[in-house]
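One structure is given here, and the rest of the page talks about it.
Bear in mind that the values here come from a model prediction, so they are computed numbers and not experimental data. Every number for a ligand or one of its atoms is a count from 1 in the order of the listing.
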Amino acid sequence: MRKPFIAGNWKMNLERKSALGLVAQLRERVGQRADIEVAVCPPFVYLDAVVQALNGSPIKVGAQNCCDETSGAFTGEISASMLIDIGCDLVILGHSERRQIYGETSELVNSKVHTALDAGLEVILCVGETRAEREEQRTEKVVGAQLVAGLSGIDGRSMQRVTIAYEPVWAIGTGLNATPDQAGAVHSYLRGVLGGLYSDSIAESVRIQYGGSVKPSNVRELMAVPHIDGCLVGGASLTADSFISLLEFR
Ligand code: 13P
């Protein structure tokens, strides 16, 4: 069985005090949940403090990006091994904001996936179509290609440390989530692609999160869909009350 996995992507939000206040409440109120996996993904500068604040708690800590190179003259970049060094568990890669605003290609994302896994991190690999791509009925083609390219050269064993996040771009930060049927169809398609790339048993073991306007009011219906194994949450992960109520989806 795939353990549900809910991760909060704080994006470029919160400050030291609010970040530490949030994780203190999470630690106290959800620290003992064994039935679900929970992660928070703060901005780089707060990662160290958040790792310390969650020390000994099962809540995982992730970064929102990392460099595809291992070390050297890459001004402004953060390596995967630095993230391991400070105690991070995972990294989000290929988020649509990285792809669209910062021009990350699937080839670059794939290179980052390799570097992150080699360093020992877990990876949340994001895929998702734009509104225009959906309207042109190209959703499967787009997300399938992002998945195949993002996982190029990644072996089946490493897939134990990979989670896929389906995040339709048109649903991110818009308040307009994909319906359970829309999301379920894409999740099922992505699992089929994983089966073709690896094997049915590996495809069945990989968790596929949904992301895009997940909130306490819609999490239950989304999490009830068979191939939705968790959520990658932006805005609703920024306060303890809303994030914790998301975790109460059953
Ligand atoms: P929102 O939950 O704010 O729509 O953001 C989703 C997202 O991009 C998570 O990575």
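- Shortest contact from atom 7 (C) of ligand 1 to any protein heavy atom: Glu167 OE2, 3.1 Å.
- Nearest protein heavy-atom contact of atom 5 (O) of ligand 1 is Lys11 NZ, 3.2 Å.
- For a threshold of 3.5 Å applied to N or O pairs, the pair formed by Ile172 and ligand 1 contains no separation below that value.
- Note on ring orientation: taking the six-membered ring where Trp is involved, the planes of Tyr166 and His187 are perpendicular (angle over 60°, cut-offs 30° and 60°).
- Ligand 1 lies out of reach of Lys215, whose nearest heavy atom is not under 4.0 Å from it.
- Contact of the Val206 side chain with the Tyr198 side chain is not registered, since no non-hydrogen atoms from C-beta on lie closer than 4.5 Å.
- Between the side chain of Arg220 and the main chain of Glu248, a donor-acceptor pair closer than 3.5 Å is present.
- Per-residue contacts place Gly212 under 4.0 angstrom from the following atoms of ligand 1 (heavy atoms of the residue considered): 4 (O), 6 (C).
- Of the heavy atoms in Asn9, only side-chain atoms (C-beta onward) come closer than 4.0 Å to ligand 1.
- At least one heavy atom of Gly173 sits closer than 4.0 Å to an atom of ligand 1.
- Residue Phe5 forms a side chain to side chain contact (heavy atoms under 4.5 Å, CB included) with just one option from Ile208, Leu232, Asp229, Ile124, and that option is Ile124.
- Between Leu26 and Val40 the shortest side-chain heavy-atom distance falls below 4.5 Å.
- Of all the listed residues (Ser237, Pro168, Gly175, Gly234), Gly234 holds the heavy atom that lies closest to atom 1 (P) of ligand 1.
- The side chain to side chain contact (heavy atoms under 4.5 Å, CB included) test with Arg161 singles out one residue from Asp89, Val123, Leu117, and that residue is Leu117.
- Judged purely by atom type and a 3.5 angstrom limit, Asn218 uses its side chain to pair as donor or acceptor with the backbone of Ser213.
- Using a 3.5 Å distance cut-off with no hydrogens or angles, the side chains of Glu167 and His95 do pair a donor with an acceptor.
- When only non-hydrogen protein atoms are considered, atom 3 (O) of ligand 1 lies nearest to Gly235 N, 2.9 Å.
- Remark: ligand 1 and Ser213 share an N or O pair separated by less than 3.5 Å (distance only, no angle test).
- Ligand 1 has no atom lying under 4.0 Å from any heavy atom of Gly211.
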